[in-house]
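First up is the structure itself, then whatever we jot down about it.
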Protein chains: 2
Amino acid sequence: MSHTYKYPRAALTVDCVVFGFDESELKVLLIQRALDPFKGKWALPGGFVHVNETLDDAARRELTEETGLKDVFLEQLFTFGAVNRDPRERVLSVAHYALVKQKDYQAKAATDAANAEWFPVSMLPKLAFDHADIVATALTRLQGKVRYQPIGFELLPPKFTLSELQHLYEAILETALDKRNFRKKVQGFGLLVPLDETQMIGRHRPAQLFRFDADKYKKLKKRGFNFEL
Amino acid sequence: MSHTYKYPRAALTVDCVVFGFDESELKVLLIQRALDPFKGKWALPGGFVHVNETLDDAARRELTEETGLKDVFLEQLFTFGAVNRDPRERVLSVAHYALVKQKDYQAKAATDAANAEWFPVSMLPKLAFDHADIVATALTRLQGKVRYQPIGFELLPPKFTLSELQHLYEAILETALDKRNFRKKVQGFGLLVPLDETQMIGRHRPAQLFRFDADKYKKLKKRGFNFEL
DNA sequence: TCAAAAGTGTTCTTGATACACCCATGC
DNA sequence: GCATGGGTGTATCAAGAACACTTTTGA
């Protein structure tokens with residue numbers, strides 16, 4: 001079965017910049033293309049949008065198919081529409097970015113995503129299409145958004161230490177932060193709940209674990225509260 | 001001539017939320033639809049993207065065709081892809097927003113845009129499709145962006161008074177601002193150049209005219225300067 | 001002389017920055 | 001006992017908020 005239109009139409013894809021954080025490095029999940037064009041090259045997970053699914057649905061479906069990821073934080077980023085961005089024909093890409101907890105991902109990785117791999121943002125390989133532009137745009141967006149929205153927690157496990165949180169912000173913003181000032185500020189929001197557990201790794205004092213109180217944040221946000229790092 | 005594809009394809013449009021400012025009110029430019037669906041209803045200027053033009057080009061072309069506007073500040077906003085947003089078939093809209101100096105527009109309005117009209121953002125008529133959502137998204141973006149980028153000047157004539165600038169910010173942000181603090185702050189950036197002219201309207205003291213020094217801003221921005229209101 | 005908007009400084013409060021030492025643990 | 005990261009408080013400085021009166025013009 002085929003489909004005929006009066007005027008030529010662009011093809012429509014979604015692509016996802018998946019960010020992860022591990023051991024004080026911000027990473028991006030890439031897949032190795034199995035088909036031409038750019039066969040063998042690294043690229044963002046993504047693919048064609050079905051005519052009866054939303055952009056968000058398409059992005060999530062492609063993520064699951066290509067990387068095994070489900071139920072992640074996902075947001076639309078920008079639509080890339082340069083005329084020759086795909087050598088075959090006119091193809092638009094509605095780019096998204098996702099934030100995932102790397103540990104959640106480990107389990108799925110083994111089964112679903114044989115050819116997916118994490119790369120540090122500072123050491124990306126050459127990417128297919130205009131995907132390098134897309135990653136750059138996503139990084140800029142992440143750097144901007146992490147300062148006034150508590151989305152960083154999407155990159156951390158549910159229980160985390162203040163040092164982990166600080167290292168995350170330092171990795172994203174590419175700056176060093178003062179330990180005491182950082183702790184004062186993030187604890188000042190009253191959104192970090194200390195748990196009855198500590199994390200004991202390495203031969204030094206164990207660290208207090210916290211969780212982010214998402215419910216409390218939602219309530220505060222409704223009353224005009226502004227998270228600002 | 002017709003075009004055939006293996007899988008069905010969504011149609012692709014651009015729509016523009018054109019903001020203007022006049023007499024202390026923020027306005028949006030709407031056109032009255034000449035054709036079904038939603039014939040006679042007010043809607044955003046916009047239309048189908050040609051297969052060989054960029055999204056930006058398409059948005060500018062449609063703006064010129066439907067409203068006579070040219071050379072305006074224009075930025076991509078968000079891509080709206082709900083499956084049933086157009087009753088005819090699947091149609092995506094890559095929404096943009098534009099900022100125009102209303103006086104620039106007056107001249108063209110007479111000739112080109114018989115059925116275009118400005119509406120205060122607070123008193124919009126019912127809009128076609130999901131255009132009300134698009135306007136709401138654009139307004140939120142404008143409110144966010146105006147605080148850390150000097151885009152407000154795009155809505156003012158080249159020569160303006162500090163009161164006009166303040167009223168603009170008050171209209172966009174929907175808050176009252178303190179006159180002395182506002183002046184102190186905007187003049188503190190050193191980006192407003194006082195002119196040898198004053199504006200004399202009404203029976204009261206004439207106001208100093210300023211222009212925005214865009215060149216200086218560009219240079220400062222490169223050195224990491226941050227405009228922040 | 002009155003109405004109407006333009007213009008102008010200081011005080012107070014708040015948040016940002018800078019900075020150094022003791023603590024708990026494993027080896 | 002020593003190396004390692006965890007944890008804590010204060011003093012200074014800069015920016016934001018609050019606030020009222022004089023000036024210039026046209027009618």
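Proteins get letters first, then strands, A, B, ... in listed order; numbering begins at 1 in each.
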Do A:Arg183 side-chain atoms and A:Gln166 backbone N/O form a donor-acceptor pair below 3.5 Å?
no
Do nucleotides 22-27 of chain D as a string where each nucleotide becomes B, S or -: B if the base has a protein heavy atom under 4.0 Å, S if just the sugar-phosphate does, - if no protein is that close.
-BBBBS
Kindly say whether B:Gly190 contributes a backbone atom to a donor-acceptor pair with the side chain of B:Lys216 at under 3.5 angstrom?
yes
Evaluate A:Arg61 against A:Asp57 for salt bridge (Lys or Arg N to Asp or Glu O under 4.0 Å), listing each step before the verdict.
CA-CA 6 Å; A:Arg61 177 181 52 73; A:Asp57 289 342; over 6 Å; no
Within residues 175-190 of chain B, those residues having any heavy atom closer than 4.0 Å to DNA chain C are B:Lys179, B:Arg180, B:Arg183, B:Lys184
Heavy atom of residues 219-229 of chain B under 4.0 Å from DNA chain C: which residues?
none
For chain B and DNA chain C, what are the first and last nucleotides along the strand, 5' to 3', with at least one atom under 4.0 angstrom from a heavy atom of the protein chain?
C:dA3 to C:dT10
Are the ring centres of B:Phe160 and B:Phe210 closer than 6.0 Å?
no
Without decimals, in angstroms, what is the distance between A:Leu209 CG and D:dG6 P?
11 Å
Tell me whether the count of non-hydrogen atoms from other residues, nucleotides or ligands lying under 6.0 Å of CZ in A:Arg33 goes above 12.
yes
Can the ring centres of B:Phe225 and B:Phe189 be said to be less than 6.0 Å apart?
yes
B:Thr161 near the nucleic acid: base, sugar-phosphate alone, or nothing, with a heavy-atom cut-off under 4.0 Å?
nothing
Please report whether the ring centroid of A:Phe38 lies less than 6.0 Å from that of A:Phe129.
yes
Partners meeting ring-ring contact (aromatic ring centres under 6.0 Å, His included) with B:His96 (sequence neighbours left out)
none
Among residues two or more places apart or on two chains, list those pairs meeting salt bridge (charged side-chain N to carboxylate O under 4.0 Å, His left out) that have a residue in residues 150-179 of chain A.
A:Lys159-A:Glu197
With salt bridge (Lys or Arg N to Asp or Glu O under 4.0 Å) as the criterion, how do A:Glu75 and A:Lys145 come out once you've worked through the C-alpha distance, each side chain's angles and the decisive distance to 0.1 Å?
CA-CA 11 Å; A:Glu75 245 183 39; A:Lys145 195 138 190 172; 3.1 Å; yes
So does B:Leu77 get a backbone contact from the side chain of B:Arg141, meaning a donor-acceptor N/O pair under 3.5 Å?
yes
Donor-acceptor pair, A:His131 side chain versus A:Leu44 backbone, under 3.5 Å?
yes
Could you go through the salt bridge (Lys or Arg N to Asp or Glu O under 4.0 Å) check for A:Asp215 and A:Lys219 one step at a time?
CA-CA 6 Å; A:Asp215 289 346; A:Lys219 285 174 196 160; over 6 Å; no
